Amino acid sequence: MTTADRRPRVLSGIQPTSDSFHLGNYLGALRQWVALQETADAFYCVVDLHAITVEHEPKALRERSRVSAAQLLALGLDPDRSTLFVQSQVPEHPMLEWILGCETGFGEASRMTQFKDKSAKQERTTVGLFTYPVLQAADILLYQTDRVPVGEDQRQHLELTRDLAIRFNGAYGRTFNVPEPFIVSETATIKDLTEPEKKMSKSSSGPRGCLYLLDTPNQMRKKIRSAVTDSGSEVRYDPESKAGVSNLLTIYSALTGTPVEKIESEYHGKGYGDFKGDLADLVADSLEPIAKTTKEYLADTAELDRILAKGAEKARSVASRTVAKAYKKVGFYPPVSM
Ligand code: TRP
């Protein structure tokens with residue numbers, strides 16, 4: 001076994017449900033994806049199968065998958081070191097999902113809080129939305145994953161994944177590695193710019209609340225300058241009573257690596273205006289290169305699609321082995337190679 005083989009296997013996924021990732025995705029998760037390439041054998045998946053669990057537009061979906069992948073590359077995911085792929089190009093995902101679905105209790109799936117939240121918001125809830133967590137378990141178990149870097153909101157889905165792995169292994173003999181969650185720390189949770197009590201998300205508030213990586217530098221500056229700050233004028237970290245300023249301090253700190261206390265003392269005696277002005281420039285300058293590189297990738301979609309096809313092949317070489325094992329265990333005919 002080479003050293004490379006002993007690196008922990010990491011897998012994570014992100015839905016291609018918007019035209020651009022936002023600052024919260026970047027600082028909360030994607031930056032860590034990039035960093036993990038140094039120490040892990042990382043698999044990153046644009047989960048377009050999950051994206052059709054709610055209403056979608058076919059043309060927009062394919063485009064968003066492409067833009068998502070381009071942004072991940074622009075952020076620094078290196079397709080030679082990590083495996084970057086689009087879920088729909090790896091048919092093993094729904095193959096394993098079926099088997100795992102037949103191991104999942106109806107009551108067990110009914111307890112998923114994300115399903116309850118999401119279905120409450122839909123006019124029409126589908127079986128696909130119900131089995132979303134089972135597909136997510138397949139995503140993870142296919143790659144014999146050791147660690148899954150995700151946010152706190154995914155903890156319950158990871159518990160289900162572990163339960164399914166343990167249950168299947170118990171019933172049929174060791175087939176899946178049992179993954180550990182790797183919950184991204186609280187400090188990196190970026191809040192909405194206009195409603196700082198909520199997590200930043202494309203759906204949370206108005207267009208000013210969410211800062212997209214593909215915004216123009218001017219849009220970014222405006223959003224930061226018009227971010228809600230609190231009464232008072234002191235640049236001080238206090239998420240309870242100064243949620244707005246605290247969120248901006250978190251962003252500043254995350255982008256520069258400067259501890260919050262140091263930023264506080266730098267702005268001691270200065271007002272919100274100075275701080276926001278500097279942060280506006282910092283955000284625009286830090287994110288502009290990402291947007292530029294994203295556009296370069298999108299200017300040559302043939303090359304981008306080649307990179308993704310290669311990623312899917314690499315993913316399939318691992319996933320197909322797991323599916324072959326699981327098929328054998330449950331008594332199916334072996335899959336024929338495609
Ligand atoms: N459900 C995850 C989210 O909304 C996305 C996801 C799908 C995922 N498959 C995954 C995350 C596998 C980690 C691993 O954020």
Side-chain angles (χ1 to χ4, degrees), residues 8-18 21-22 24-34 36 40-54 56 61 64-65 68-69 71-72 77 82-90 92-97 100-101 104 109 112-119 121-122 128-165 176-184 188-190 199-204 311-312 315 318-319 322:
R9 172 72 51 81
V10 156
L11 177 133
S12 198
I14 190 158
Q15 290 201 57
T17 45
S18 70
F21 293 138
H22 58 67
N25 298 135
Y26 175 50
L27 295 178
L30 303 178
R31 227 168 42 144
Q32 198 187 24
W33 288 18
V34 176
L36 278 168
D41 176 15
F43 282 64
Y44 297 122
C45 183
V46 175
V47 293
D48 57 344
L49 300 183
H50 283 99
I52 70 164
T53 56
V54 295
H56 79 288
L61 177 59
R64 285 170 166 184
S65 294
S68 300
Q71 286 185 94
L72 292 172
L77 285 192
S82 303
T83 305
L84 171 65
F85 64 105
V86 178
Q87 192 186 27
S88 58
Q89 291 201 299
V90 181
E92 284 76 8
H93 289 245
M95 291 166 88
L96 184 60
E97 190 256 344
L100 295 175
T104 310
M112 296 294 123
T113 56
Q114 195 165 69
F115 169 73
K116 291 190 222 173
D117 293 347
K118 283 193 185 173
S119 57
K121 287 184 201 143
Q122 299 289 308
L129 187 65
F130 186 66
T131 56
Y132 177 119
V134 182
L135 179 59
Q136 181 167 351
D139 297 344
I140 296 165
L141 299 182
L142 274 174
Y143 299 95
Q144 307 295 347
T145 302
D146 296 304
R147 284 191 214 148
V148 188
V150 282
E152 182 59 43
D153 63 336
Q154 295 299 307
R155 193 183 285 278
Q156 198 187 25
H157 289 169
L158 288 201
E159 276 308 313
L160 176 70
T161 304
R162 287 170 54 84
D163 290 346
L164 289 174
F176 303 118
N177 194 42
V178 181
E180 296 289 339
F182 191 59
I183 306 286
V184 179
T189 305
I190 305 303
K199 210 170 125 175
M200 181 176 283
S201 101
K202 68 177 162 56
S203 51
S204 65
V318 179
T322 306

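Quick caveat: nothing in here was measured; it's all calculated off a predicted structure. Note that ligands are numbered from 1 as they come in the structure, with each ligand's atoms numbered from 1 the same way.
The neighbour count for Arg31 CZ, taken as heavy atoms of other residues, nucleotides or ligands under 6.0 Å away, is above 12.
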Give a table of atom pairs where an N or O of ligand 1 lies under 3.5 Å from a protein N or O.
{"unit_1": "ligand 1", "atom_1": "1 (N)", "unit_2": "Tyr132", "atom_2": "OH", "d": "2.7"}
{"unit_1": "ligand 1", "atom_1": "1 (N)", "unit_2": "Gln136", "atom_2": "OE1", "d": "2.9"}
{"unit_1": "ligand 1", "atom_1": "1 (N)", "unit_2": "Gln154", "atom_2": "OE1", "d": "3.0"}
{"unit_1": "ligand 1", "atom_1": "4 (O)", "unit_2": "Tyr132", "atom_2": "OH", "d": "3.2"}
{"unit_1": "ligand 1", "atom_1": "9 (N)", "unit_2": "Asp139", "atom_2": "OD2", "d": "2.7"}

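Note on ring orientation: taking the six-membered ring where Trp is involved, the planes of Phe115 and Phe130 are perpendicular (angle over 60°, cut-offs 30° and 60°). The aromatic rings of Trp33 and Tyr44 sit parallel, their planes meeting at an angle under 30°, below the 60° perpendicular limit.
In this structure, Ile14 and Ser68 have side chains that are not in contact, with every pair of non-hydrogen atoms separated by 4.5 Å or more.
Ion pairing between a basic and an acidic side chain is recognised when a charged N comes within 4.0 Å of a carboxylate O; Asp41 and Arg9 show such pairing.
Judged purely by atom type and a 3.5 angstrom limit, Glu97 has no side-chain atom pairing as donor or acceptor with the backbone of Val134.
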